[in-house]
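Atoms within each ligand, like the ligands themselves, are counted from 1 in listed order. Sequential numbering from 1 along the given sequence is applied to the chain's residues.
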Amino acid sequence: MNLIKRKALVIFEKQFGKTGHVLDVRAWNPSTFYEIDLHLPGVDMSKWQSVQHMKCKVADGVYRDYTPAHWDEDTQTCTLYVDAAHDGNGSKWAASLKPKDQITYLGISSTFTKPVSSASLTCLGDSSAIGHFLALEQLAGKGNVSGAVVIKEEEHRKAFMSYFDSTLEAIPQKVSSNINNLQEWLKEQNLDGRAVYLAGNVPMVVELRKIIKALPGFNGRVKVQGFWW
Ligand SMILES: Cc1cc2nc3c(=O)[nH]c(=O)nc-3n(C[C@H](O)[C@H](O)[C@H](O)COP(=O)(O)OP(=O)(O)OC[C@H]3O[C@@H](n4cnc5c(N)ncnc54)[C@H](O)[C@@H]3O)c2cc1C
């Protein structure tokens with residue numbers, strides 16, 4: 001980054017940067033997925049009506065989006081669920097965090113993902129979408145969200161099923177394409193009148209949307225949130 005850009009970013013961070021505190025970090029085994037408990041002083045979580053995302057500073061001049069889930073408005077705490085199986089600044093940041101660390105973020109804002117009150121909700125995504133769907137489940141109420149998340153590691157699937165009291169299923173990555181893995185799961189489902197939420201890899205959610213829209217007799221809604229390319 002050149003000097004002018006760096007100076008501009010420092011000014012921007014000073015003006016808009018907010019601080020959070022790491023309360024705890026739990027790595028799943030193998031350590032390619034992290035639960036990060038945060039305290040975010042001054043954040044009014046009671047206003048959250050849709051799933052949120054926060055731009056976290058993960059390296060000098062580098063910001064990445066993560067989803068605050070399992071929030072508690074009284075204590076102003078939440079948990080990030082970070083898929084860190086790939087090589088990236090965000091993955092390195094998640095792996096480096098320890099309790100009592102300070103984090104910087106550039107605000108929290110709403111995504112378009114929120115419960116549709118008149119329909120049953122079905123979520124489909126990859127590991128990066130776990131927090132996003134848990135946040136939707138918190139808004140919709142336990143038992144009101146079903147669906148499948150592709151989780152490659154068997155131990156991670158076990159962790160998902162035992163840690164969360166969720167009606168979401170953790171399914172294995174049987175073939176390399178998550179489009180095919182989720183399409184296979186879809187064959188057993190009745191999506192009649194449902195609101196379907198897709199999140200994760202961008203080409204995956206775009207293709208799944210096409211597949212679902214083309215299902216014979218499908219009369220529900222499809223909501224798409226692309227995360228990464
Ligand atoms: C609104 C929103 C909310 C999000 N919430 C979450 C969240 O709660 N948890 C979460 O884990 N992610 C979440 N993401 C996705 C996350 O921001 C991206 O995965 C981000 O690219 C990770 O940054 P990185 O620096 O680790 O990798 P990058 O430097 O961005 O990418 C490095 C390489 O890794 C690949 N890559 C990036 N992410 C993944 C992945 N998940 N799996 C496999 N390959 C990948 C890229 O294609 C690239 O080749 C969210 C994204 C958005 C837009």
- Verify the ring-centre separation between Tyr66 and Tyr34: is it less than 6.0 angstrom? no
- In the protein, which heavy atom is nearest to atom 9 (N) of ligand 1, and how far is it? Tyr81 O, 2.8 Å
- How far apart are the closest heavy atoms of Gly107 and Lys18, and which atoms are they? CA-NZ, 4.4 Å
- Note on the structure: In this structure, atom 26 (O) of ligand 1 is nearest to the protein heavy atom His86 NE2, 2.8 Å
- salt bridge (charged side-chain N to carboxylate O under 4.0 Å, His left out) evaluation trace for Asp87 with Lys92: CA-CA 8 Å; Asp87 186 19; Lys92 289 185 189 120; 3.3 Å; yes
- Message: Give me the nearest non-hydrogen protein atom to atom 29 (O) of ligand 1 as residue plus atom name, then the distance to 0.1 Å.
- Response: Arg64 NH2, 3.0 Å
- Backbone N or O of Gly220 within a donor-acceptor pair of the Arg194 side chain at under 3.5 Å? no
- His53 heavy atoms, cut-off 4.0 Å: which ligand 1 atoms fall inside? 1 (C)
- Within the 4.0 Å heavy-atom cut-off, what Asp87 brings close to ligand 1 is backbone
- Task: Could you tell me the residue and atom name of the protein heavy atom closest to atom 5 (N) of ligand 1, and the distance to it rounded to 0.1 Å?
- Result: Thr67 OG1, 2.8 Å
- Which atoms of ligand 1 are found less than 4.0 Å from any heavy atom of Val82? 11 (O)
- Note on the structure: Filtering Ser128, Ala135, Ala129 for the heavy atom nearest atom 6 (C) of ligand 1 leaves Ser128
- Message: Can you tell me if Lys142 has over 12 outside heavy atoms packed within less than 6.0 Å of its NZ?
- Response: yes
- Message: For atom 4 (C) of ligand 1, what is the closest protein heavy atom, and at what distance to 0.1 Å?
- Response: Asp65 O, 3.5 Å
- Message: To check you understand the geometry: which heavy-atom pair defines the closest contact between Ala69 and Gly131, and what is its length?
- Response: CB-O, 3.5 Å
- Numbering the atoms of ligand 1 from 1, which are under 4.0 Å from a heavy atom of Ser91? 26 (O)
- Note: Tyr66, heavy atoms under 4.0 Å from ligand 1, region reported as both
- Message: Quick check against the 3.5 Å criterion: does Asn219 have a side-chain atom that pairs as donor or acceptor with the backbone of Gly193?
- Response: yes
- Task: Report yes if the distance between the aromatic ring centroids of Tyr197 and His132 is under 6.0 Å, otherwise no.
- Result: no
- Query: With atoms numbered from 1 as shown, which atoms in ligand 1 lie under 4.0 angstrom from a non-hydrogen atom of Gly90?
  - Reply: 24 (P), 25 (O), 26 (O)
- Atoms of ligand 1, numbered as shown, that sit under 4.0 Å from any heavy atom of Asn89: 24 (P), 25 (O)
- Tell me: protein heavy atom nearest atom 48 (C) of ligand 1, and distance? Trp229 O, 4.5 Å
- Query: Just one of Asp24, Thr67, Asp37 clears the side chain to side chain donor-acceptor pair (under 3.5 Å) bar with Thr79, so which one?
  - Reply: Asp37
- min-distance protein heavy atom vs atom 15 (C) of ligand 1 -> Phe227 CB, 3.8 Å
- Task: Determine, for Lys152 against Asp126, whether the closest basic-nitrogen to carboxylate-oxygen distance falls under 4.0 angstrom.
- Result: no
- Message: Just to confirm my output: which protein heavy-atom neighbour is closest to atom 41 (N) of ligand 1, and how far is it?
- Response: Asp83 OD2, 3.1 Å
- Lys57, NZ: over 12 other non-hydrogen atoms inside 6.0 angstrom: yes
- Item | Whether Gly88 lies under 4.0 Å from ligand 1, heavy atom | yes
